[in-house]
Amino acid sequence: MIFELEVFPLDLELTLGCGQTFRWRSSPDGSWSGVLGDQFVSLRQIGQKIAGEATPGSEDVEESVLEFLRAHDDISRIQRVLRRDPVMALGMRRMIGLRIVKLDEWECLISYVLATYANIPRIMKMVEALAVNYGRRIAHGTYSFPDRRRLSKATVGELTRLGLGYRAEYIKKMCDLVDEPKLSVFSGAPYETLRRQLIELPGVGEKVADCVSLFGFGRLESFPIDLWIERALARLYEKKGTYRSLRAFAAERFGEYAGYAQEYLYHNERMHARDLGCVFSEE
DNA sequence: GCCCAGGAGTGTG
DNA sequence: CACACTCATGGG
């Protein structure tokens, strides 16, 4: 199935390659492919349009892609709000095509529990291993991410052998504790409540709860603080401290769109580490 | 070989 | 509340 969409502004490479998603990969021809629900989707940027291709499926692919890319986000409004911060104002425009994505809640929860104390290539490998071993086959070599029922069949031993390390226990417990009704209750809760409930889950601390709030439940005010963000805040704002204090700093500074500011800072800091410049300061 | 990774859980001061 | 230690392993 072939389709065409307009999402503007959007930089597909930036959005899918900056480390917020773990199952999207680029091809030499410049297209990006991944899985949405039970469909294998391939996207390519052509000017201001997105050309897409998907395996036949029951879902409305175009709608899924628009939701995934958060096409309804008013980026100019978001940047107008963030511009109040002088550091953001300096380089924000060059991040204009970087959009926060909206992931499936369950997949996001599992993915970011796996993400603790691992680098991105490894996280991608672990998530892919879960899909291949417990997901549903939807195309040649492509598998959907396993829902709770399917993932429940995994034993801790199997999960450990797949390279999850100490995370295997967390995933096993998660399958016993979280079901669709529970996720649905989470969806309706305000951010602070959602966050508190997520933290009660095994393997979920403040940072993971904030990632799941942001990428899984679409709470744009969430500001996950990992090592890169700590460095960015120290380097660009001379701000150090506990998670609690840094979080308060971000809330005051970036308000309802702290999640976008976070992703800008995250991407920028990683580029800076690779000596690819910094858009938020003159160097 | 070495250092690091989108941290969390637990125990201690 | 703030720090210290452990956890299991692969990637660069």
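Per chain, numbering begins at 1; letters A, B, ... match sequence-line order.
- In this structure, of dC3(C), dA5(B), dG6(B), it is dC3(C) that holds the atom nearest to the side chain of T242(A).
- Ranking dA8(B), dA5(B), dC3(C) by closeness to the V208(A) side chain, first place goes to dA8(B).
- When heavy atoms are screened at a 4.0 angstrom cut-off, I120(A) is found touching the sugar-phosphate backbone but no base atom.
- For the pair D179(A) and R148(A), the salt-bridge criterion is not met [side-chain N within less than 4.0 Å of a carboxylate O].
- Smallest separation of non-hydrogen atoms from R167(A) and A118(A): NH2-CB, 3.7 Å.
- Results of the side chain to side chain contact (heavy atoms under 4.5 Å, CB included) test with P202(A) over L177(A), D176(A), V178(A) single out L177(A) as the only residue that passes.
- Distance, K172(A) NZ to dA8(C) P: 19 Å, rounded to whole Å.
- When rounded to the nearest whole Å, the span between CZ of R274(A) and P of dA5(B) equals 14 Å.
- Counting to the nearest Å, the C1' atom of dC7(C) and the CG atom of L114(A) are 15 Å from each other.
- Between the side chains of Y134(A) and E158(A), at least one donor N or O lies within less than 3.5 Å of an accepting N or O.
- In this structure, the nucleotide among dT9(C), dA8(B), dG6(B) sitting nearest to the side chain of W228(A) is dG6(B).
- Residue Y112(A) is classed as a base contact, given a heavy-atom separation below 4.0 Å to a base.
- Among the atoms of the strands shown, only primed sugar atoms or phosphate atoms (P, OP1, OP2) are found under 4.0 Å from some heavy atom of L227(A).
- Taking the 5.5 Å centre cut-off and the 30° plane limit, the aromatic side chain of Y117(A) is not classed as stacked on dA8(B).
- E263(A) comes within contact range of at least one nucleobase, with a heavy-atom separation under 4.0 Å.
- Between K173(A) atom NZ and dA8(B) atom P there is a gap of 15 Å when expressed in whole angstrom units.
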Margin query: For Y237(A) and F249(A): C-alpha separation, side-chain torsions, deciding distance, then whether ring pair (Phe, Tyr, Trp, His ring centres under 6.0 Å) applies.
Written below: CA-CA 10 Å; Y237(A) 295 87; F249(A) 174 76; 5.6 Å; yes
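- The side chain of F22(A) has dG6(B) as its nearest neighbour among dA8(B), dG6(B), dA5(B).
- Regarding M124(A), its CE atom lies at a distance of 13 Å from the C1' atom of dG6(B), rounded to whole Å.
- For the P atom pair drawn from dG6(B) and dC5(C), the interatomic distance equals 24 Å after rounding to whole Å.
- Between F215(A) and Y112(A), the angle of the ring planes stays under 30°, which puts this pair in the parallel group of the 30/60° scheme.
- Comparing dA8(B), dG11(C), dA8(C) by their closest approach to the side chain of R167(A) singles out dA8(C).
- With P as the reference atom, dG7(B) and dG12(C) are 16 Å apart, rounded to whole Å.
- Across the interface with DNA chain B, nearest-nucleotide mapping of E206(A) and A118(A) shows A118(A) to be the residue nearer the 5′ end.
- Across all strands shown, L201(A) has heavy atoms under 4.0 Å from sugar-phosphate atoms exclusively, and none from any base.
- Nucleic acid contact for G203(A): sugar-phosphate only, since backbone atoms but no base atoms lie under 4.0 Å from a heavy atom of the residue.
- Rounded to an integer number of Å, the gap from I123(A) CD1 to dC4(B) C1' is 13 Å.
- Taking atom CG of L198(A) as the reference point, atom P of dA8(B) lies 12 Å away to the nearest angstrom.
- Between the base of dG9(B) and the side chain of Y166(A) there is no donor-acceptor pair shorter than 3.5 Å.
- In this structure, the CE atom of M174(A) is 11 Å from the C1' atom of dA8(B), given to the nearest Å.
- Along DNA chain B, the nucleotide closest to R122(A) and the one closest to Y243(A) are compared, and the more 5′ of them pairs with R122(A).
- Phosphate contact (OP1/OP2 of dG11(C), side-chain N/O of K125(A), threshold under 4.0 Å): present.
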